[in-house]
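All of these numbers come straight from a predicted model, not from anything done at the bench.
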Amino acid sequence: MKEQNTKMELLESAPIPKALLALGLPTMIGMLINALYNLVDAYFVGGLGTDQMGAITVAYPLGQVVVGLGLLFGNGAAAYLSRLLGRGDKKRADKVASTALYSSVVLGAAAILCSLIFLKPILIRLGALESVMPYAVSYTSIYITFSIFNVFNVTMNNIASSEGAAKTAMCALMAGALLNVVLDPVFIYTLDLGIAGAAIATAVSQISSTLIYLFYILRKKSVFSFRISECCFSKEIMYEILKIGIPTLIFQLLTSLSISMINDAAKEYGSAALAAMGPVTKIMSMGSLMVFGFLKGFQPIAGYSFGARKYERLQEAIKTSVIWSTLFCAAFGVCTALFSSGIMARFTKGDMDMIHIGVTALRANGVTFILFGFYTVYSFLFLVMGKAKEGLMLGICRQGICFVPMILLLPGLLGLKGVLYAQPAADVLSGIITVFMAVRLHKELASSYRYDESCF
């Protein structure tokens with residue numbers, strides 16, 4: 001009970017900097033460690049060869065699609081749950097949490113089954129070359145099968161974050177990622193399982209995270225109860241979950257699409273270009289995940305404040321989050337650009353073409369990454385406030401509306417450099433669009449605040 005009261009105090013009355021650090025920093029650290037899932041696989045698999053690196057590169061977007069189902073229900077429910085807690089509606093919150101968790105697992109299992117049935121055609125569409133295909137099938141068949149645990153983990157991560165349980169989310173993420181670091185070299189090299197060993201290590205690591213969340217649920221540490229009997233598919237509940245969850249899923253699908261389009265465009269320039277995009281994608285994803293992790297602390301504060309009509313507190317949370325996330329993105333981007341050569345050298349046995357291509361891509365992405373924090377704060381904000389249309393618009397901007405034209409146009413004009421500059425160009429356009437949407441939102445919030453003041 002004391003732990004639950006502390007969570008509510010952070011959401012309701014704690015100073016914004018303190019609340020953001022308490023709720024966001026643990027999840028940010030957890031996301032950082034969790035990013036090692038992909039980086040560690042890439043690091044150790046890089047020692048096997050360029051084709052093996054290409055295999056995990058083409059598998060990555062498929063895994064993101066499956067995880068998207070966890071985000072569909074987890075992030076959709078989290079935004080609604082924060083507002084329900086702000087209103088004090090615990091009974092409905094229990095129904096929403098239960099519905100989201102069990103729905104994500106059932107649909108996740110169905111998606112995984114379909115992926116396995118059509119695995120080879122999917123891998124071809126994701127950019128797998130003939131030399132890469134055997135390794136891609138070996139890795140992906142194991143990786144996707146056990147992604148059901150990751151669907152559960154992603155859903156629970158969002159639900160736990162919505163109630164302010166940032167430390168639990170961090171522990172679950174860290175346990176899995178650290179175990180993956182230990183198991184990867186054992187399964188890949190010591191047991192001589194090759195690329196299949198990397199997939200097995202990831203599977204075991206994801207299961208360990210699931211066990212931590214199950215312990216959290218069964219020991220009744222959560223504000224919510226998770227009972228099958230509480231699942232409720234009423235029109236209102238499903239609408240509230242899906243109106244936020246669907247834009248999140250679309251964003252995740254577009255992220256997967258953008259990665260697969262980059263891979264498909266890069267393969268035209270050989271296996272070195274395809275392999276180079278793997279580490280580049282995963283390194284930039286590490287920065288993105290850290291921003292997402294920090295803003296998991298912003299999300300419940302914003303949702304609770306908006307639900308409780310505490311507009312001054314909401315404005316302060318927005319301002320602080322934009323400043324802090326932008327400073328982080330600037331530092332991460334500069335480091336990525338400055339140390340790009342040394343970073344890329346870690347992911348190959350000496351393929352200089354792969355290193356050169358990766359360095360160019362990392363430098364370009366690092367420069368424009370400074371805009372990512374600003375863009376993501378408002379992307380989260382629209383969704384947590386229940387503004388589904390605006391959230392969808394901004395959510396599909398970076399990886400869809402802006403990116404797709406760039407990846408289709410620039411390679412024809414600039415060749416391989418067009419492939420490498422497509423995402424940075426999309427980042428700049430997305431930042432410009434976000435400015436206009438943010439200005440409009442703040443005008444609405446100012447009007448709401450003045451209206452509430454006039455009622456007293």
**OP:** With sequence neighbours left out, write down each residue that passes side chain to side chain donor-acceptor pair (under 3.5 Å) with N263, or none if nothing qualifies.
**Re:** none
Subject >> Heavy atoms from other residues, nucleotides or ligands near OH of Y269 exceed 12 (cutoff 6.0 Å) >> reply: yes
**OP:** Compare every heavy atom of A276 with every heavy atom of P279, then report the nearest pair and how far apart it is.
**Re:** CD-O, 3.2 Å
Original post:
Would you find a donor on one side and an acceptor on the other, under 3.5 Å apart, between the side chain of N153 and the backbone of Q206?
Top reply: yes
Original post:
Can you find a heavy atom in the side chain of T202 that is under 4.5 Å from one in the side chain of F149?
Top reply: no
Subject >> With D264 via salt bridge (Lys or Arg N to Asp or Glu O under 4.0 Å) - residues at least two apart >> reply: K267
**OP:** Decide yes or no for S258 and I407: does some side-chain heavy atom of the first lie under 4.5 Å from some side-chain heavy atom of the second?
**Re:** no
Original post:
CD1 of I188 to CD of Q52: how many Å apart, nearest 0.5 Å?
Top reply: 10.5 Å
Subject >> Heavy-atom closest pair, residues A317 and I301 >> reply: CB-CG2, 4.2 Å
Original post:
Does some side-chain heavy atom of L429 sit less than 4.5 Å from a side-chain heavy atom of I401?
Top reply: no
**OP:** Return yes if some donor-acceptor pair links the side-chain N/O of T155 with the main-chain N/O of G74 below 3.5 Å, else return no.
**Re:** no
Subject >> Trace of the side chain to side chain contact (heavy atoms under 4.5 Å, CB included) decision for L249 with L71 >> reply: CA-CA 6 Å; L249 175 62; L71 290 171; over 6 Å; no
**OP:** Side-chain contact test, heavy atoms from C-beta onward, threshold under 4.5 Å: evaluate it for I357 versus L416 and give yes or no.
**Re:** yes
Original post:
Does the side chain of M53 come within less than 4.5 Å of M354's, by heavy atoms?
Top reply: yes
Subject >> Atom pair OG1 (T140) and CD1 (I122), whose distance is rounded to the nearest 0.5 Å >> reply: 9.5 Å
Subject >> Step-by-step side chain to side chain contact (heavy atoms under 4.5 Å, CB included) determination, L257 to Q399 >> reply: CA-CA 8 Å; L257 175 64; Q399 302 298 93; over 6 Å; no
Original post:
Do any N or O atoms from the side chain of S138 and from the backbone of P134 form a donor-acceptor pair under 3.5 angstrom?
Top reply: no
Original post:
By ring-ring contact (aromatic ring centres under 6.0 Å, His included), which residues pair with F372, not counting sequence neighbours?
Top reply: F292, F369
Original post:
Are there more than 12 heavy atoms of other residues, nucleotides or ligands under 6.0 Å from atom OH of Y135?
Top reply: no
**OP:** Report the relative orientation of the aromatic rings in F152 and Y213; use parallel for angles under 30°, tilted for 30 to 60°, perpendicular for over 60°.
**Re:** perpendicular
**OP:** Check whether any side-chain heavy atom of C329 lies under 4.5 Å from a side-chain heavy atom of T376, and answer yes or no.
**Re:** no
Original post:
What heavy-atom pair brings G197 and D184 nearest, and what distance separates the two atoms?
Top reply: O-OD1, 4.4 Å
Subject >> Atom of V419, atom of I262 and distance for their closest heavy-atom approach >> reply: CG1-O, 4.0 Å
Subject >> Sidechain-backbone polar pair: S325 side chain, V322 backbone, donor-acceptor under 3.5 Å >> reply: yes
Original post:
Can you tell me how far OG1 of T360 sits from CE of M344, rounded to the nearest 0.5 angstrom?
Top reply: 10.0 Å
Subject >> Least distance between heavy atoms, F347 atom then I283 atom >> reply: CE1-CD1, 4.1 Å
**OP:** For residues L119 and S141, determine if any side-chain heavy atom of one lies less than 4.5 Å from a side-chain heavy atom of the other.
**Re:** yes
Subject >> Closest contact, heavy atoms only, S340 versus L362 >> reply: CB-CB, 3.9 Å
**OP:** Check whether any side-chain heavy atom of S430 lies under 4.5 Å from a side-chain heavy atom of L371, and answer yes or no.
**Re:** no
Subject >> Residues forming a salt bridge (Lys or Arg N to Asp or Glu O under 4.0 Å) with E316, sequence neighbours excluded >> reply: none
Original post:
Is there a side chain to side chain contact (heavy atoms under 4.5 Å, CB included) between F73 and L107 once you walk through the steps?
Top reply: CA-CA 10 Å; F73 289 98; L107 287 185; 3.5 Å; yes
Subject >> Chi angles and distances behind the side chain to side chain contact (heavy atoms under 4.5 Å, CB included) call for Y216, M156 >> reply: CA-CA 10 Å; Y216 179 71; M156 273 304 302; 4.2 Å; yes
Original post:
With no hydrogens and no angle check, is any side-chain donor or acceptor of S209 less than 3.5 Å from a backbone partner on A172?
Top reply: yes
Original post:
So N75 and Q299, side-chain hydrogen bond (donor to acceptor under 3.5 Å, both in side chains) or not? Walk me through it.
Top reply: CA-CA 10 Å; N75 204 45; Q299 187 175 19; 3.2 Å; yes
Original post:
Is it true that a side-chain atom of N150 and a backbone atom of F146 form a donor plus acceptor pair closer than 3.5 Å?
Top reply: no
Subject >> Between OH on residue Y375 and SG on residue C397, distance to nearest 0.5 Å >> reply: 6.0 Å
**OP:** Give, for atom CG of N365 and atom CE of M284, the distance between the pair rounded to the nearest 0.5 Å.
**Re:** 5.0 Å
Subject >> Q315 side, atom CD; H442 side, atom NE2 - distance, nearest 0.5 Å >> reply: 5.5 Å
Original post:
What pairs with S260 under side chain to side chain donor-acceptor pair (under 3.5 Å), at least two apart in sequence or on another chain?
Top reply: none
**OP:** With sequence neighbours excluded, tell me which residues meet ring-ring contact (aromatic ring centres under 6.0 Å, His included) with F374.
**Re:** Y378
